Trainee: 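The following block contains the structure, expressed as structure tokens.
The basis for the numbers below is simple: all heavy atoms, side chains too, and nothing from hydrogens, waters or symmetry mates. Nothing here was measured: the structure is a model prediction, and the numbers come from that model.
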Amino acid sequence: MKKGVVLFISLLFIAAVSLLIIKNLEDTDSYIHEQNSKFTKTQIMMYLNNAKDEIANVLKENEAQNSDKTDYREVLKEYTSKEFPIIMQDATITIRLEEYDKYNINLLKEKDEEKYKYLKDFLIRNDIYDIELLKKIYEEYAFELKDKNQINNKQLDFILEKFEKESYNTEILKVKDYIGFQPYDKKEISQNDKEKEIKFYELFVKVEYLKQFAKAYYILNKSGGVEYFEFSFK
């Protein structure tokens with residue numbers, strides 16, 4: 001049964017990427033034929049969105065087909081933390097999927113220290129001891145936000161950089177990739193991997209075309225729904 005599930009998900013993932021290639025090629029041919037010009041920012045956004053849609057469909061189909069969540073996660077691990085480049089004429093799309101396994105900085109708003117115990121322990125293990133200062137900076141900054149239950153990557157960076165300046169501790173920037181803002185309570189580092197209940201996935205998409213470059217970052221739930229996204233052009 002497990003081998004069948006593995007084969008099914010493997011074929012589904014390959015099919016999704018193949019569909020992405022075909023769709024993008026069709027979109028490109030049509031666009032060039034009708035407009036006789038190269039990519040616009042709108043076209044690049046379509047590439048980013050297509051990539052997100054195809055991977056979201058993989059997550060959605062896998063979640064629907066599998067009642068055994070352990071098998072589901074184990075199979076998806078074959079495709080996480082790896083870059084999948086899709087190369088076509090004049091363009092390259094790179095996709096990377098990661099399990100979202102981060103400490104939630106929003107727990108610092110809790111008065112009960114037990115609520116952010118795992119975050120505190122993680123920071124102390126990495127020689128970051130002034131937890132009260134970080135909590136103070138977070139609370140002051142979060143108080144000014146319109147949505148007090150959600151911050152974004154830019155705001156998270158601001159909080160950590162402000163802490164680094166005020167505490168004179170550069171270690172915080174070395175571990176910033178392990179700190180997030182989604183409602184996910186990462187446990188101790190010693191926790192058995194199979195005991196983790198992964199609720200979200202990070203999707204990184206890059207599109208390169210001649211001198212144009214764009215990248216997008218999505219947080220998807222395990223059913224493929226978008227919880228957060230941001231993008232930028234260079």
Trainee: For the pair Lys136 and Glu132, find out whether any cationic side-chain nitrogen is under 4.0 Å from an anionic carboxylate oxygen.
Mentor: no

Trainee: If we ignore hydrogens and angles and just use 3.5 Å, is the side chain of Asn169 paired with the main-chain N or O of Asp127 as donor and acceptor?
Mentor: yes

Trainee: Below 4.5 Å, heavy atoms only, C-beta onward: do Thr92 and Ile86 meet side chain to side chain?
Mentor: no

Trainee: By salt bridge (Lys or Arg N to Asp or Glu O under 4.0 Å), which residues pair with Glu202, not counting sequence neighbours?
Mentor: Lys102

Trainee: Where the side chain of Lys115 meets the backbone of Leu107, is there a donor-acceptor pair that is under 3.5 Å apart?
Mentor: no

Trainee: So, do Lys120 and Tyr103 sit near enough that their side-chain heavy atoms are less than 4.5 Å apart?
Mentor: no

Trainee: side-chain contact (heavy atoms from CB on, under 4.5 Å), that's the test. Do Asp130 and Leu123 meet it? Break it down for me.
Mentor: CA-CA 9 Å; Asp130 200 346; Leu123 294 173; over 6 Å; no

Trainee: How close do Leu160 and Ile105 get, heavy atom to heavy atom, and via which atoms?
Mentor: CD2-CD1, 4.3 Å

Trainee: Please examine the side chains of Ile179 and Lys176, heavy atoms only from C-beta on, and report whether any two atoms are closer than 4.5 Å.
Mentor: no

Trainee: Quick check: does any side chain N or O of Tyr100 sit under 3.5 Å from a backbone N or O of Gln182, one acting as donor and the other as acceptor?
Mentor: yes

Trainee: So Lys222 and Ile198, do their side chains get closer than 4.5 Å, heavy atoms only?
Mentor: no

Trainee: Nearest 0.5 Å please: distance from the CZ atom of Arg125 over to the CD atom of Glu171.
Mentor: 14.0 Å

Trainee: Show the nearest heavy-atom pair for residues Ile95 and Ala51, with the distance to one decimal.
Mentor: CD1-CB, 4.1 Å

Trainee: Considering all heavy atoms of both residues, which atom of Val205 and which atom of Tyr218 are nearest to each other, and what is their separation?
Mentor: CG2-CE1, 4.4 Å

Trainee: Over all heavy atoms of both residues, which pair between Tyr228 and Asn153 is shortest? Give the atoms and the distance, please.
Mentor: OH-N, 3.3 Å

Trainee: Shortest non-hydrogen contact from Leu156 to Gly180?
Mentor: CD2-CA, 4.1 Å

Trainee: Nearest 0.5 Å, please: how far is CG in Asn152 from CG in Asp157?
Mentor: 9.0 Å

Trainee: Is a donor from one side chain sitting under 3.5 angstrom from an acceptor on the other, for Tyr116 and Asn104?
Mentor: no

Trainee: For Asn49, enumerate each residue passing the side chain to side chain donor-acceptor pair (under 3.5 Å) test, keeping only those at least two apart in sequence or located in another chain.
Mentor: Lys52, Asp53

Trainee: Checking Ser81 against Glu98: is there a side-chain donor and acceptor pair closer than 3.5 Å?
Mentor: yes

Trainee: Can you list the steps and then say if Leu133 with Glu166 is a side-chain contact (heavy atoms from CB on, under 4.5 Å)?
Mentor: CA-CA 8 Å; Leu133 175 60; Glu166 294 190 13; 3.6 Å; yes

Trainee: Identify the two heavy atoms, one from Gly224 and one from Ala56, that lie closest to each other, and give their separation to 0.1 Å.
Mentor: O-CB, 3.3 Å

Trainee: Between Glu208 and Lys206, is there a side-chain N and carboxylate O pair less than 4.0 Å apart?
Mentor: no

Trainee: What distance separates Tyr217 OH from Phe231 CZ, expressed to the nearest 0.5 Å?
Mentor: 16.0 Å

Trainee: With the side chain counted from C-beta on, respond yes when Ile131 and Leu119 share a heavy-atom pair under 4.5 Å apart, and no when they do not.
Mentor: no

Trainee: Just how far is it from atom OH of Tyr201 to atom OG1 of Thr80, taken to the nearest 0.5 Å?
Mentor: 7.5 Å

Trainee: Find out whether Leu134 and Ile159 are in side-chain contact, i.e. whether some heavy atom of one side chain is under 4.5 Å from a heavy atom of the other.
Mentor: yes

Trainee: Determine whether Asn221 and Leu59 make a side-chain contact, defined as any pair of heavy atoms from C-beta on separated by less than 4.5 Å.
Mentor: no

Trainee: Please walk me through it: do Glu139 and Leu108 pass side-chain contact (heavy atoms from CB on, under 4.5 Å)?
Mentor: CA-CA 8 Å; Glu139 289 176 340; Leu108 290 177; 5.8 Å; no

Trainee: Between atom NZ of Lys135 and atom CD of Glu113, what is the distance when rounded to the nearest 0.5 Å?
Mentor: 8.5 Å

Trainee: Strictly below 4.0 Å, N to O, side chains only: are Lys117 and Glu114 in salt-bridge contact?
Mentor: no

Trainee: Could you tell me whether the side chains of Tyr178 and Asp101 share a donor-acceptor contact shorter than 3.5 Å?
Mentor: no

Trainee: Working note: Phe84 + Thr94, criterion side-chain contact (heavy atoms from CB on, under 4.5 Å); need CA distance, chi angles, decisive distance, verdict.
Mentor: CA-CA 6 Å; Phe84 291 87; Thr94 306; over 6 Å; no

Trainee: Quick one, Lys109 and Tyr138 - any side-chain contact, counting heavy atoms below 4.5 Å?
Mentor: yes

Trainee: At what distance, to the nearest 0.5 angstrom, does CD of Glu227 lie from CZ of Phe200?
Mentor: 5.0 Å

